[in-house]
Structure formats: C-alpha cells, structure tokens
Amino acid sequence: MSILLKNATYIDWKTLEFSQKNIFVEEDKSEIKFIDNIDKIANNQNVDVLDCTGKYVTKSFGVGHHHVYSALSRGMGAPKKSPENFYEILQYVWWTLDKCLDLEMIESSALVTAIACAKAGSTFVIDHHASPFAVKGSLETIAKAFDKVGVSHLLCYEISDRDGVKIAKEGLSETEEYLKNRQGLVGLHASFTVGDDTLEQAVNLMNTYNSGIHIHVAEDNYDQEFCMKKYGKRIIPRLNEFGVLKSPKTILGHCLHLDEDEKDIIRNSPCWVVQNSESNLNNNVGYFNGEFLGKNIMLGTDGMHSDMLQSAKSAFFVGQGFDIINYPSAYERFRNVHRYISENRFNGDGDNNLVVLDYNTPTDFNQNNFLGHFIFGLNSNHVCDVISNGKLIVRNRQITTVNEAEILKISRERASKLWKKMQG
Ligand SMILES: [Zn+2]
C-alpha cells in the first residue's frame with residue numbers, strides 16, 4: 001500500500017531546508033514524490049493517508065555498529081567474578097553470554113533489537129554477531145527476524161580464534177554461506193583474538209565476495225599491547241599488511257588507542273571508523289577523538305541500546321573534553337551511515353525511508369537552528385511513525401509488522417533460560 005504524508009513539514013536531511021510538503025511514498029520505489037494537489041491520491045483506497053499537520057518528516061536513521069547478541073542481557077545478574085579490566089569484562093560477561101546462545105535466543109534477540117531500532121527511528125542496522133556454539137544459521141536467523149520487522153541490515157559473524165580453530169572455521173563457513181545469498185560483511189572480533197591464519201582466510205573471503213571487514217580496533221589498550229607482544233607491530237599496520245583497510249566497506253570499531261602513524265594509515269585509506277561513546281564510558285576504556293581520522297566516521301550503539309539520537313548526543317557531550325566534535329560534525333557523523341551505505345551500493349536505505357517526528361517545541365525550529373534542536377531537543381520519544389523501504393513499520397509509536405507483546409513475552413522466557421544457562 002502506498003502512503004501519503006499530508007501537510008508535513010519536510011526537513012531535507014542534507015541541506016536541513018524546511019518546507020511544507022505532501023509526500024507520496026510507494027513501497028519498493030526508492031524515490032519519493034512531492035505532490036501539490038492531493039485530492040485524487042487522498043481518495044484512492046489503496047493509499048494510506050497520514051495527517052502530518054504540525055509534524056516533521058525527515059530521513060530515518062541508521063545504526064553503524066550494533067550487537068544483536070547482547071539484547072537479552074538487560075537486567076541479568078552479576079557475573080561470577082566482578083570484572084576488573086576490559087579483558088575480564090569480555091571473559092566474565094560477554095564471552096560467557098555468547099557461548100550460551102542458541103538459535104531461538106538469537107531469533108528473539110534479533111526481533112527485539114529490530115523493534116527497538118525501528119521505534120527509535122532507525123531503518124538500517126549494521127550488526128556484529130557472536131554465538132560460538134550456535135554459529136551455523138545464526139546470520140540467516142537474524143536476517144529473517146529483521147526482515148519480519150521490516151528493518152534493513154548489513155550483518156556479519158564475528159570470527160575469532162578465542163574458542164578454538166573449529167569454531168573459527170565455523171565462523172568462516174557461516175560468513176561464506178551468508179555472503180552467497182545476502183549483502184553482508186566479514187566480521188572479525190578483534191586483532192587480539194584473531195591469529196594470522198584466520199585473518200588471512202577472512203580477507204580472502206572479503207576479496208572473493210567483494211565485501212569488507214567489520215572488526216573492533218584498539219577498544220582497549222590491551223589490544224595494542226597484545227599485538228606488539230605477539231606480532232612486534234601495532235594493530236593498524238598488522239591489519240593493513242593483510243589488506244583489511246583496502247575496502248571502502250571495511251568498518252573499524254572504536255579506534256581509541258591509535259598512534260599518529262595508525263591514524264595516517266586510516267585517513268589515507270577508503271575504510272570507515274565507527275564511534276560508540278556510551279560503550280566506551282561503560283567499559284572504562286578511554287575516549288574517542290576523531291581528529292586526524294579523516295571524514296569517514298559514523299556512529300553506533302555497540303549493543304548498549306538502539307537509539308541513534310542518543311548516540312549522537314553522547315558523542316557530542318563526551319567529546320567536549322576529548323574530541324574535535326561540534327554541532328555540525330555531530331550531525332555529520334550521525335548521518336554518515338547513509339553515505340557508507342550508498343557509496344558501497346548496499347540496498348535498503350533509499351529516499352523511501354522516513355521518520356515522522358511529533359516534536360512540539362517551545363522555541364522556533366527552522367533550518368538555521370536545526371542543529372541546536374538536534375543536540376538539545378529531539379529524542380526518540382518524538383519518533384511517531386517510521387517508513388522503511390516505503391512500508392509503514394511504526395504507526396503512532398506502535399510496530400505494525402509484528403506482534404510486539406507476543407515477541408516480548410517469548411523473549412523474556414528465552415532470556416530466563418539464557419541466564420540460567422550462564423549460571424551453570
Ligand atoms: Zn562492538
């Protein structure tokens with residue numbers, strides 16, 4: 001069914017120009033049309049008409065780095081040992097959790113994540129998944145769940161040697177099977193858990209399927225120390241020697257502990273950096289600084305939540321002490337995910353991806369002060385309706401494509417099962 005957003009205030013996401021528009025959106029047609037005389041269309045029974053009087057319509061959002069696998073961790077008990085550093089956080093929290101995931105838990109994790117992303121205005125998600133004892137079929141399970149909700153995706157499995165060669169091989173096979181049928185990336189956990197053999201095979205896959213690598217880089221200084229000790233070089237030179245940074249599809253997560261040479265290499269490469277400020281605060285690993293990293297910086301949530309407006313605010317506020325970020329660059333990083341997707345010709349982020357914001361502000365809101373509202377006013381509570389690939393997937397703050405209550409009920413049961421398994 002086509003959609004007519006009538007009487008909207010349309011905000012062009014690139015120029016920030018405000019204009020009064022009737023917007024006609026057709027499913028699977030990536031272009032949208034602006035219509036002056038709506039009478040004929042508004043009376044067509046096959047057109048869903050949304051009155052957007054007093055509301056703002058703009059391009060929907062995208063998540064540059066997410067972790068579906070962590071969705072069922074919210075509210076879980078404390079780990080067996082209280083982690084004292086980054087490695088112990090992985091060991092006692094995330095690697096304990098991911099080993100217990102089965103395909104049903106992954107399905108629930110993906111459904112609740114897709115719903116949360118959609119309700120917060122994101123219609124495209126780049127995810128980095130791990131489930132070492134349920135590798136096979138995990139990516140297709142996530143893809144199907146996202147498709148059901150109606151959120152576009154770019155998935156990968158985080159291949160790693162941390163659970164042994166057999167599981168690393170399973171990660172490589174899962175990636176290859178997935179890339180045969182779907183758009184995706186070749187995921188690697190991080191330099192410190194990926195040996196040279198696995199790294200080489202992952203880059204071979206990247207080249208065979210014309211894909212990119214999605215990897216955590218220098219999230220904690222431990223990653224650098226390990227690399228120096230084991231390979232006698234720093235992380236970026238190591239990855240670069242294998243060809244990881246050659247692809248414009250490659251995404252380097254975090255990039256907190258890099259020296260000037262490493263920043264030069266990244267800046268002079270076509271690859272991308274994804275920033276996740278709240279996760280860095282939570283893990284107490286340091287602060288992101290985009291200076292000397294070039295223009296290809298986007299934002300993610302790192303599985304902390306699914307709210308990109310919040311990620312942008314955090315990047316801006318945390319960055320005041322540590323980063324060169326300002327209003328325009330905060331917005332640019334927030335929107336760069338669209339440039340990453342379009343320059344690499346991935347599907348699912350055309351102009352027929354829109355968000356309707358019910359934003360009643362006590363001050364004037366216009367092209368000249370949009371960025372002030374972006375940082376201090378707009379938040380995901382204002383996301384009212386969401387159109388993904390021309391389909392209305394959120395209407396009046398409710399998901400239209402799936403039964404959210406039922407999905408949450410099942411996910412709570414599966415989360416309890418997961419938590420019990422983690423205690424065992
Ligand atoms: Zn991550």
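Read the numbers this way: they start at 1 and go in the same order the structure lists the ligands and their atoms. Along the sequence shown, the residues carry numbers beginning at 1. These figures come from a predicted structure and were not determined experimentally.
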> Around Asn366, counting heavy atoms of other residues, nucleotides and ligands shown, do more than 12 lie under 6.0 Å from its CG?
Replying inline: yes
> Roughly, to 10 degrees, what angle do His65 atom NE2 and His67 atom NE2 form around the Zn ion (ligand 1)?
Replying inline: 100°
> Do the two ring centres, one from His128 and one from His65, sit under 6.0 Å apart?
Replying inline: yes
> Less than 6.0 Å separating the ring centroids of His189 and Trp95?
Replying inline: yes
> Does any N, O or S atom of Glu219, backbone or side chain, fall under 2.8 Å from the Zn ion (ligand 1)?
Replying inline: no
> If you stand at the Zn ion (ligand 1) and look out to OD1 of Asp302 and NE2 of His216, what angle do those two lines make, to 10°?
Replying inline: 160°
>> Any side-chain to backbone donor/acceptor pair from Ser388 onto Asn353? Under 3.5 Å, distance only.
In response: no
>> Let me check your reading of the structure: within less than 2.8 Å of the Zn ion (ligand 1), is there an N/O/S atom from His128?
In response: no
